[in-house]
Amino acid sequence: MDTHLLIKIVHMTGASLACLAVFVRAFTLFKGVQGNMPNPAMRTLFVALQHGAMTLIALTGIVLLWMKNFDAEPWFYAKVILFLVLLSSLGKAYRKDDSMLLVQRRAGLFIAAGSLAAIIVLIMLKPNFG
Ligand code: HEM
């Protein structure tokens with residue numbers, strides 16, 4: 001199997017794990033919440049899954065980009081921006097201190113889910129902005 005395909009498979013595995021992490025962890029903002037804080041059950045596992053998946057996506061994404069000699073289509077930049085929005089909104093949704101209201105956390109989750117959905121639509125449609 002060639003290296004490009006292998007890295008692409010690892011990248012897509014990371015993406016699948018990220019979708020799983022966002023979906024499963026979302027329940028901690030609805031069931032067993034403690035005041036404004038998410039349900040603490042399995043927090044470490046969720047943090048590890050989410051961080052691992054995002055790191056894998058970013059690292060393999062950069063390698064893939066390098067292998068393509070940074071020759072990216074315009075929609076790719078939208079994907080990277082949406083990825084940054086995803087990271088930032090997840091950071092807000094699950095911030096460790098209780099300065100965030102539950103409703104703000106859920107709004108963060110909503111934005112994260114929207115960004116992830118938009119990334120998937122972009123990948124499927126590969127729109128031509130040019
Ligand atoms: C949650 C975020 C992401 C998801 C779900 C995702 C998913 C995918 C999928 C499914 C493909 C294969 C598409 C195809 O070949 O038709 C792909 C390709 C690619 N991704 Fe991502 N990706 C994400 C984030 C990123 C980031 C942050 C980067 C860059 C740092 C990146 C760089 C790339 C590159 C360069 C390719 C093209 C590989 C090629 O065609 O040679 N991705 N991504």
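Note that the numbering runs from 1 along the sequence shown for the chain. What you see below is based on every heavy atom in this structure, not just the backbone, and it leaves out hydrogens, waters and symmetry mates. Just so you know, ligand 1 is whichever comes first in the structure, and atom 1 is the first atom listed for that ligand.
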Engineer: Relative to atom 31 (C) of ligand 1, which among His11, Met12, Glu73, Met124 owns the nearest non-hydrogen atom?
Structural biologist: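 Among His11, Met12, Glu73, Met124, the closest heavy atom to atom 31 (C) of ligand 1 comes from His11.
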
Engineer: Measure from the side-chain N and O atoms of Arg106 to the backbone N and O of Leu29, and report whether any donor-acceptor pair falls under 3.5 Å.
Structural biologist: yes

Engineer: Any donor-acceptor pair under 3.5 Å linking the side chain of Gln50 with the backbone of Val47?
Structural biologist: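 No; judged by distance alone, with no hydrogens or angles, the pair does not exist.
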
Engineer: Keeping Asn36 on the side-chain end and Leu102 on the backbone end, is there a donor-acceptor pair under 3.5 Å?
Structural biologist: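 Yes.
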
Engineer: With a cut-off of 4.0 Å, which atoms of ligand 1 are near a heavy atom of Phe76?
Structural biologist: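 Going through ligand 1 atom by atom, the ones under 4.0 Å from Phe76 are 29 (C), 31 (C), 32 (C), 33 (C), 34 (C), 35 (C).
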
Engineer: Indicate yes or no for a side-chain donor-acceptor contact from Ser89 to the backbone of Val85 under 3.5 Å, with no hydrogens or angles considered.
Structural biologist: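 Judged by distance alone, yes, a pair lies under 3.5 Å.
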
Engineer: Given Val63, Ile81, Ile57, Thr13, identify the one with the heavy atom nearest to atom 26 (C) of ligand 1.
Structural biologist: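 Selected option, by shortest heavy-atom distance: Ile57.
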
Engineer: Please work out which of Lys79, Met67, Lys8 has its closest non-hydrogen atom nearest to atom 22 (N) of ligand 1.
Structural biologist: Lys79

Engineer: Considering the heavy atoms of Ile62, write down every atom of ligand 1 situated less than 4.0 Å from one of them.
Structural biologist: 30 (C)

Engineer: For ligand 1, is there an atom lying under 4.0 Å from some heavy atom of His4?
Structural biologist: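 Contact present.
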
Engineer: Hey, is the main chain of Ile123 close enough, under 3.5 Å, to the side chain of Lys126 for a donor-acceptor pair?
Structural biologist: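 Yes; judged by distance alone, with no hydrogens or angles, the pair exists.
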
Engineer: Which ligand 1 atoms are under 4.0 Å away from a heavy-atom of Lys68?
Structural biologist: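 Near Lys68, the atoms of ligand 1 are 39 (C), 40 (O), 41 (O).
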
Engineer: Mind checking whether atom 21 (Fe) of ligand 1 has an N, O or S of Gly61 under 2.8 Å?
Structural biologist: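 No - counting backbone and side chain alike, Gly61 has no N, O or S atom under 2.8 Å.
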
Engineer: For the side chain of Asp97 and the backbone of Ser99, is there at least one donor-acceptor N/O pair under 3.5 Å apart?
Structural biologist: yes

Engineer: Applying a strict 4.0 Å limit to heavy atoms, is Lys126 in contact with ligand 1?
Structural biologist: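 It does; at least one heavy atom falls under 4.0 Å.
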
Engineer: Need the ligand 1 atom indices (1-based, order shown) with element for anything under 4.0 Å from a heavy-atom of Leu65.
Structural biologist: 35 (C)

Engineer: Any sub-3.5 Å donor-acceptor pair from Asn39's side-chain atoms to Lys31's backbone N or O?
Structural biologist: yes

Engineer: Show the atoms of ligand 1 that are less than 4.0 angstrom away from any heavy atom in Phe83.
Structural biologist: 1 (C), 2 (C), 27 (C)

Engineer: Between Glu73 and Lys68, is the closest basic N to carboxylate O distance under 4.0 Å?
Structural biologist: yes

Engineer: Out of Val22, Leu64, Ile7, Leu56, who is nearest to atom 34 (C) of ligand 1 when you count heavy atoms only?
Structural biologist: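 Ranked by closest heavy atom to atom 34 (C) of ligand 1, first place is Leu64.
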
Engineer: Is the count of non-hydrogen atoms from other residues, nucleotides or ligands lying under 6.0 Å from Phe30 atom CZ greater than 12?
Structural biologist: yes

Engineer: What are the atoms of ligand 1, with element, lying closer than 4.0 Å to any heavy atom of Ala15?
Structural biologist: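 Those of ligand 1 that fall under 4.0 Å from Ala15 are 4 (C), 5 (C).
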
Engineer: Write out the residue and atom name of the closest protein heavy atom to atom 7 (C) of ligand 1, then the distance separating them to 0.1 Å.
Structural biologist: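 The closest heavy atom on the protein side is Ile123 CD1, 3.2 Å.
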
